[in-house]
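What follows is a short report on a single structure.
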Amino acid sequence: MSVAAKPEVPVREPPGDGLVGQAPPSPAGPIEPQAAAGLPEPPVVDLPGALQVIRFNQRQIEFVFRARRTLGEVFRTRGVVPDGPVITSHPDHIRSLFTAKPEQAPSLTGESPLRPIVGPNSVLTAIGPRHMRQRKLLLPPFHGEAVERYAEMIAGAAEREIDRWPTRTPFALAPRMQAITLDVIMAGVFGIEGRPARGTPERALRTAIRYLLAVSTWPLAQLSELMNLGRDEPVGLTRAALSILDGRTYAVIKKRRSEAGVDERRDILSLLLRAHTEEGELLTDRELRDELLTLVLAGHETTANSLAWTWERLIRTPAAYERLRDAVRSGSQADEQIEAVITEGMRSRPVIPIIGRRVTGPWRLGRYAVPAGTPVAMSILLLHHREDLYPQPFAFRPERWLDRKPGTYEWIPFGGGIRRCLGAALAMAEQRVVLEAMTRRLDLEAEDLAPERATHRNVTMIPTRGARVIVRSRR
Ligand code: HEM
């Protein structure tokens with residue numbers, strides 16, 4: 001009889017609860033041109049380019065799931081001109097792109113629809129050394145500890161907003177979430193807390209931002225956005241709305257420059273007013289405006305819609321909602337339950353469903369290779385719905401995350417690597433505080449139990465009816 005030797009280092013059992021699994025390994029990363037020549041290119045979605053662009057923009061979910069079903073986990077799309085990206089959803093491929101050197105796989109956000117609005121030089125749109133400089137400059141106020149200071153302010157904004165909601169009358173949650181996240185972003189970015197007094201530049205700015213965001217949902221504005229793709233300067237309706245906003249942003253910058261005590265203030269505008277470029281120069285008003293607007297646009301609707309989606313899921317999953325309510329109201333394991341619900345909400349409905357890099361040399365993606373210059377997109381949506389990673393991927397199961405941290409390359413609603421979302425800690429703090437307050441104070445129901453479909457706006461995926469709810473009772 002042979003006795004198996006005990007391993008010296010205790011081996012961690014893979015989680016055996018069937019809630020989170022592992023993907024089989026798949027080699028990926030930069031390769032030599034000769035090696036690339038020996039591998040096939042990914043299969044191409046067989047539809048005319050123009051049709052693919054329309055389908056992808058209007059029904060991305062159906063498009064990517066169908067392509068994965070018919071072609072496998074790596075496929076190439078066609079665009080109009082130039083060709084569309086290769087799309088992958090394997091964690092090893094994603095790891096190779098997130099950990100690549102910046103020059104090997106620069107971000108595609110330089111080509112983002114926000115570029116005509118925030119210019120080519122903001123932290124979102126710049127690439128290379130300039131991007132790294134901007135990021136370093138902006139990181140401190142977005143750091144986890146710095147963000148904790150905002151918890152009280154977020155709670156205040158949430159409580160005030162909840163007080164205003166009707167009982168027993170259906171309403172859309174997404175705009176209400178936006179009201180909260182706008183307050184938070186105005187405070188964090190501009191140092192403007194609450195509702196500023198009438199007639200002040202701060203009040204005028206807040207109104208202009210709300211106006212720009214409201215206008216951006218009009219069909220005419222969507223057309224205007226299409227016209228703006230690929231430009232450095234905006235045209236059409238976007239230009240008109242922006243010129244008002246710009247004037248007001250510059251007025252707030254000017255006022256703040258002239259105020260005493262900027263050194264003590266901790267909002268991002270004041271911090272940037274003190275910041276110097278590598279050459280020792282202060283940032284220009286234009287540079288300030290580009291960064292500030294980037295933060296407002298990147299941080300406000302994303303967080304609001306992420307919360308709206310989580311609620312859209314939660315009120316259709318009674319057992320999960322019940323567990324959260326019990327935990328929050330009894331105070332037992334509340335933090336764990338809140339974290340699990342947010343993590344699962346962002347897994348099942350990632351507000352930004354796809355992100356991309358452009359590989360500058362030949363790149364291996366499993367059994368395929370793509371040539372230098374190929375845009376490679378990572379479908380967050382497909383990754384988050386892999387059966388091998390997340391058994392029953394379409395079920396909303398926050399319990400997947402109890403006692404378990406999400407994997408760096410398996411759960412990526414904030415992207416990753418050197419382009420990982422700058423506002424992730426702030427967005428998580430906002431979601432925790434708002435989810436807690438709503439769970440504690442309200443009993444919510446879905447207006448209609450059919451799940452809400454997704455609408456794609458710019459780079460985001462939002463609930464089509466705005467996550468409609470009914471407040472059944474209040475506490
Ligand atoms: C739930 C809310 C949010 C989601 C889902 C989200 C998601 C993302 C994603 C997917 C990216 C691209 C990452 C990549 O390509 O690897 C990104 C970038 C970025 N986000 Fe967020 N975001 C959220 C909230 C925020 C907030 C609150 C702010 C700031 C106030 C913010 C600021 C930014 C900036 C500046 C970038 C560009 C970073 C860079 O390129 O270096 N985001 N975000």
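Each ligand, and each atom within it, is numbered from 1 in the order the structure gives. In this chain, numbering begins with 1 at the start of the sequence shown.
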With a heavy-atom distance limit of 4.0 Å, tell me whether [X] approaches ligand 1 through its side chain, its backbone, both, or neither.
X: I412; result: neither
X: V123; result: both
X: R357; result: side chain

Shortest protein heavy-atom distance from atom 36 (C) of ligand 1, along with the residue and atom involved: L124 CD1, 3.9 Å
- request: Do me a favour and list the nearest non-hydrogen protein atom to atom 40 (O) of ligand 1 with residue, atom name and distance?
  value: R419 NE, 2.8 Å
Can you list the atoms of ligand 1 that are under 4.0 Å from a heavy atom of [X]?
X: G416; value: 16 (O)
X: H131; value: 39 (C), 40 (O), 41 (O)
X: A427; value: 1 (C), 2 (C), 24 (C)
X: P413; value: 5 (C), 7 (C), 10 (C)
X: T303; value: 1 (C), 2 (C), 24 (C), 27 (C)
X: R135; value: 38 (C), 39 (C), 41 (O)
X: S306; value: 1 (C)
X: M346; value: 1 (C), 5 (C)

query: Are R419 and H131 close enough that a side-chain donor and a side-chain acceptor fall under 3.5 Å?
result: yes
- prompt: Do the numbers put R248 on top of the ring of Y250, so that NZ or CZ is under 6.0 Å from the six-membered ring centre and no more than 45° off the axis?
  reply: no
- prompt: After noting the C-alpha distance and the side-chain angles of Y390 and H385, does the key distance pass the ring pair (Phe, Tyr, Trp, His ring centres under 6.0 Å) rule?
  reply: CA-CA 7 Å; Y390 303 108; H385 287 86; 8.3 Å; no
Residue from L108, V86, V370, V359 passing side chain to side chain contact (heavy atoms under 4.5 Å, CB included) with P375: L108
